[in-house]
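Below is one structure, written out as structure tokens; the observations come after it.
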2 protein chains.
Amino acid sequence: MSSSSAAPTAKPPMRDALVAAAFRLFLDRGYEQTTVDDIVALAGVGRRSFFRYFPSKEDVVFPDHERCLTDMTAFLAGGEDEEHDPVARVCDAARMVLRMYAENPTFSVQRYRLTRRVPGLRAYELSVVWRYERALAEYLRSRFAGQTDGTLRADVIAAAVVAAHNNALRSWLRSDGEGDAGTLVDHALGHVQRAFGRPADAPVRAVPVRALPDEGDERPEDVVVLVSRRDAPVWRVVQEWEAALGRA
Amino acid sequence: MSSSSAAPTAKPPMRDALVAAAFRLFLDRGYEQTTVDDIVALAGVGRRSFFRYFPSKEDVVFPDHERCLTDMTAFLAGGEDEEHDPVARVCDAARMVLRMYAENPTFSVQRYRLTRRVPGLRAYELSVVWRYERALAEYLRSRFAGQTDGTLRADVIAAAVVAAHNNALRSWLRSDGEGDAGTLVDHALGHVQRAFGRPADAPVRAVPVRALPDEGDERPEDVVVLVSRRDAPVWRVVQEWEAALGRA
């Protein structure tokens, strides 16, 4: 899904050298104590080269988010048609962020530790997370356009996907990048998909019935009887049950 | 739930005067063009008085979040026992934020417009939202301690509650504070509670059954039959259905 790893212009050596120099200094001296001048001196380039790649010192800490946001937006734009389950699509979009982190575990773990220590970087990270969440929510709002509570559902699902992704990502980062990040994120996103995703094609039937009155029963109770195959996904059950109530 | 509206020390006149002066200047001149000196001059107090109440110029834009966070944390701490449905509790906690906004619609709408125009205030707001979300998530993590996927569920539900609350709050702010904010938020939070909340006490029975083989049927199919009252909440249905699968 991400085209950049093979693209020759996506990660020019000078950009990589600036990131490497910046991180060596951040880890040695601390983030606040390192200036852009220090970084360009170590990388052996001029200040203008730095600002060609990075608007600010914060941006060198998160060098790949802009590319990832661009890739994610393009990926979501390619899933506007009916055949794509919108919740599955935003889960796949979130996996693009995970892959960006997992491509370089050492760097990701170093940055995680740095970000936890520097309040300004925490704020920067919050703004990046917010942009991912908005990208997912905008896609879902478009897919749910015209539906009851469409924007509400879009916002809630986008937030749930981001929270599940970040829960798994942080577990992986806290374990120093040991283990399989993909498995952790799949598990976490599966939780969200089961709660909100489109039901698969599995037979469930629910019908409203009126119980036969017992002798002396003044108000026979309406109930719903639902018969499902064992392999029916839970949301197919819920959908059928709710549809049966609506029909009753 | 919030004790501060009646507390004589929560909103001293000088603090109110500083907020009023700040907002008059922000709206007249713009946020960036207003200094703390301008604010204290208009309010007729010294700089030290300003900083006694507000650590920075950003804080005067959001004068009540610290109090609200304190109140929310106390409210959540009072709901650690088993009798409180944890999801209902975090929804009630989110309503405390809504009430803070709804107490003063004019001020809230002005601030909403200001925040949308000033990137630094957006960043500040994101950090506040993040603190609310963490407060809700920490409470849920404690309530779900020892449960399967407890931290994952806690983080996802906290994010969903915040997203639902903010969806309703922003609708209300965009409508210039017209209409009933409480009704909007109740509707939005109801969406989250139906998805994640503890089922109320309503009778649902689900049983796994083995279908009697038809003549010549080689592999009779296992199914689950579920009978529910019409007023059973959806998650009681799901819980019973899943339990029936586990028992089968």
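Each chain gets a letter, A, B and so on, in the order the sequences are listed, and its residues count up from 1.
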Worksheet item: Heavy-atom distance under 4.5 Å to chain A: side chain of Ala188(B), backbone, both or neither?
Response: both
Item to complete: Using non-hydrogen atoms and a 4.5 Å limit, figure out which bit of Asn166(B) sits close to chain A: side chain, backbone, both or neither.
Response: neither
Worksheet entry | Interatomic spacing from NE2 in His187(B) to CG in Asp149(A) - rounded to 0.5 Å | 3.0 Å
Practice prompt. Please name the pair of heavy atoms, one in Asp155(A) and one in Asn167(B), separated by the smallest distance, quoted to 0.1 Å.
Written response: OD2-ND2, 2.9 Å
Worksheet entry | Heavy-atom closest pair, residues Ala159(A) and Ala163(B) | CB-CB, 3.4 Å
Worksheet item: Is it the backbone or the side chain of Ala160(A) that comes under 4.5 Å from a heavy atom of chain B, or both, or neither?
Response: both
Worksheet entry | Proximity of residues 124-131 of chain A to chain B, residues having a non-hydrogen atom under 4.5 angstrom | Leu126(A), Ser127(A), Trp130(A)
Item to complete: Go through the atoms of Arg122(B) and report whether side chain, backbone, both or neither lie under 4.5 Å from a heavy atom of chain A.
Response: side chain
